[in-house]
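First up is the structure itself, then whatever we jot down about it.
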Amino acid sequence: QVQLIESGGGLVQAGGSLRLSCAASGRTFSDYAMGWFRQAPGKEREFVAGISWSGDTKRYADFVKGRFTISRDNAKNTGYLQMNSLKPEDTAVYYCALGLIARATALPANFGSWGQGTQVTVSS
């Protein structure tokens, strides 16, 4: 059984930055893709970024391209989401997820384990 614990969320002003972390335990982290999703109040969960098992391939939602960077440190069983130039519309609960496959993917069905989420609030 995999446990994913997110951290690094908080309140930040528009234009600011936050770095989210996702610490994994259980299933071999380095064998699988991981991803970040978010869910704003009243909206469905949406894909933010994904990274392959090796970190060589990354995928981003159009609305975060150029602002967010996904990365991972397999030696530490930890994934990251660096968020820069934050906007009020980025306000949401952010979830990390560990994939069932190795390649980078944006499909929620390709992820088998999810964290509890961390709140990110961007004030205008």
Side-chain angles (χ1 to χ4, degrees):
Q1 191 169 354
V2 178
Q3 185 176 22
L4 302 174
I5 300 177
E6 301 98 334
S7 61
L11 174 63
V12 64
Q13 289 187 333
S17 298
L18 284 174
R19 188 194 196 202
L20 305 183
S21 298
C22 174
S25 61
R27 181 156 56 99
T28 305
F29 176 79
S30 58
D31 288 346
Y32 300 97
M34 68 158 294
W36 289 92
F37 292 75
R38 70 185 188 186
Q39 187 167 19
K43 295 186 178 181
E44 294 187 352
R45 190 173 298 189
E46 61 182 355
F47 170 76
V48 175
I51 188 169
S52 63
W53 69 276
S54 64
D56 288 346
T57 305
K58 303 175 183 181
R59 300 185 63 177
Y60 296 96
D62 288 343
F63 54 77
V64 301
K65 284 182 179 177
R67 300 190 298 126
F68 292 9
T69 302
I70 189 172
S71 63
R72 65 189 299 163
D73 185 340
N74 287 340
K76 296 182 178 179
N77 285 350
T78 303
Y80 305 96
L81 184 67
Q82 177 67 43
M83 305 186 296
N84 298 329
S85 302
L86 283 161
K87 305 175 182 179
E89 51 264 43
D90 293 319
T91 295
V93 177
Y94 283 71
Y95 300 88
C96 70
L98 187 61
L100 297 168
I101 60 176
R103 60 178 172 82
T105 178
L107 295 176
N110 286 338
F111 292 89
S113 302
W114 297 80
Q116 292 299 307
T118 185
Q119 177 70 47
V120 171
T121 303
V122 185
S123 63
S124 57

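From a predicted model like this one, the values you see are computed outputs, not experimental measurements. Position 1 is the first residue of the sequence; numbering continues from there.
- For the atom pair CD1 (Ile101) and CG (Asp31), the distance works out to 13.0 Å, reported to the nearest 0.5 Å.
- Minimum interatomic distance between Gln39 and Lys43 (heavy atoms only, all atoms of both residues): NE2-O, 3.1 Å.
- Residue pairs satisfying the side chain to side chain donor-acceptor pair (under 3.5 Å) criterion with at least one member in residues 95-111, sequence neighbours excluded, are listed as follows: Thr105-Asn110.
- No continuous path of ILVMFWY side-chain contacts below 4.5 Å connects Tyr60 to Phe37, so the two sit in separate hydrophobic clusters.
- Rounding to the nearest 0.5 Å gives a distance of 10.5 Å between CG of Asn74 and OG1 of Thr28.
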- Message: side-chain contact (heavy atoms from CB on, under 4.5 Å) for Val120 and Leu18? Distances and angles first, verdict last.
- Response: CA-CA 9 Å; Val120 171; Leu18 284 174; 3.9 Å; yes
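- Judged purely by atom type and a 3.5 angstrom limit, Gln119 has no side-chain atom pairing as donor or acceptor with the backbone of Gly10.
- For the side chain to side chain contact (heavy atoms under 4.5 Å, CB included) test, no residue two or more places apart in sequence or in another chain qualifies with Ala33.
- Hydrophobic cluster membership differs between Val64 and Val93, with clusters built from Ile, Leu, Val, Met, Phe, Trp and Tyr side chains linked at under 4.5 angstrom.
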Report, one line per pair, each donor and acceptor closer than 3.5 Å where one atom sits in a side chain of residues 45-54; sequence neighbours left out.
unit_1	atom_1	unit_2	atom_2	d
Glu46	OE2	Arg38	NE	2.8
Glu46	OE2	Arg38	NH2	3.3
Ser52	OG	Gly55	N	3.4
Ser52	OG	Asp56	N	3.3
Ser52	OG	Thr57	N	3.1
Ser54	OG	Asp56	N	3.2
Ser54	OG	Asp56	OD2	3.3

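- For residues 32-73, the set of pairs meeting the disulfide (SG to SG under 2.5 Å) definition, not counting sequence neighbours, is empty.
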In a table with atom names and distances, give each donor-acceptor pair under 3.5 Å that connects a side chain of residues 82-89 to protein atoms at least two apart or in another chain.
unit_1	atom_1	unit_2	atom_2	d
Gln82	NE2	Asn84	OD1	2.9
Asn84	OD1	Ser17	OG	2.9

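- Within the structure, every pair that satisfies the disulfide (SG to SG under 2.5 Å) test and touches residues 17-121, not counting sequence neighbours, is listed here: Cys22-Cys96.
- To the nearest 0.5 Å, the span separating CH2 on Trp36 from CG on Leu81 amounts to 6.0 Å.
- Residue pairs meeting the salt bridge (charged side-chain N to carboxylate O under 4.0 Å, His left out) criterion with at least one member in residues 67-85, sequence neighbours excluded, are Arg67-Asp90.
- The salt bridge (Lys or Arg N to Asp or Glu O under 4.0 Å) test applied to Lys65 returns Asp62, not counting sequence neighbours.
- In the hydrophobic clustering of ILVMFWY residues, with side-chain heavy atoms under 4.5 Å counting as a link, Leu20 and Phe111 come out apart.
- Under the 4.5 Å side-chain heavy-atom criterion for Ile, Leu, Val, Met, Phe, Trp and Tyr, Val2 and Trp114 are members of distinct hydrophobic clusters.
- For Ser21, the side chain to side chain contact (heavy atoms under 4.5 Å, CB included) partners two or more places apart in sequence, or in a different chain, are Ser7, Thr78, Tyr80.
- For residues 37-68, no pair satisfies disulfide (SG to SG under 2.5 Å), with sequence neighbours left out.
- Annotation: disulfide (SG to SG under 2.5 Å) contacts involving residues 31-72, sequence neighbours excluded, are absent.
- When the side chain to side chain contact (heavy atoms under 4.5 Å, CB included) test is applied to Ile5, the partners found at least two apart in sequence or on another chain are Gln3.
- In this structure the side chain of Leu98 reaches within 4.5 angstrom of the side chain of Phe29, judged on heavy atoms.
- Going from atom CD1 of Ile70 over to atom CZ of Phe68 covers 11.5 Å, rounded to the nearest 0.5 Å.
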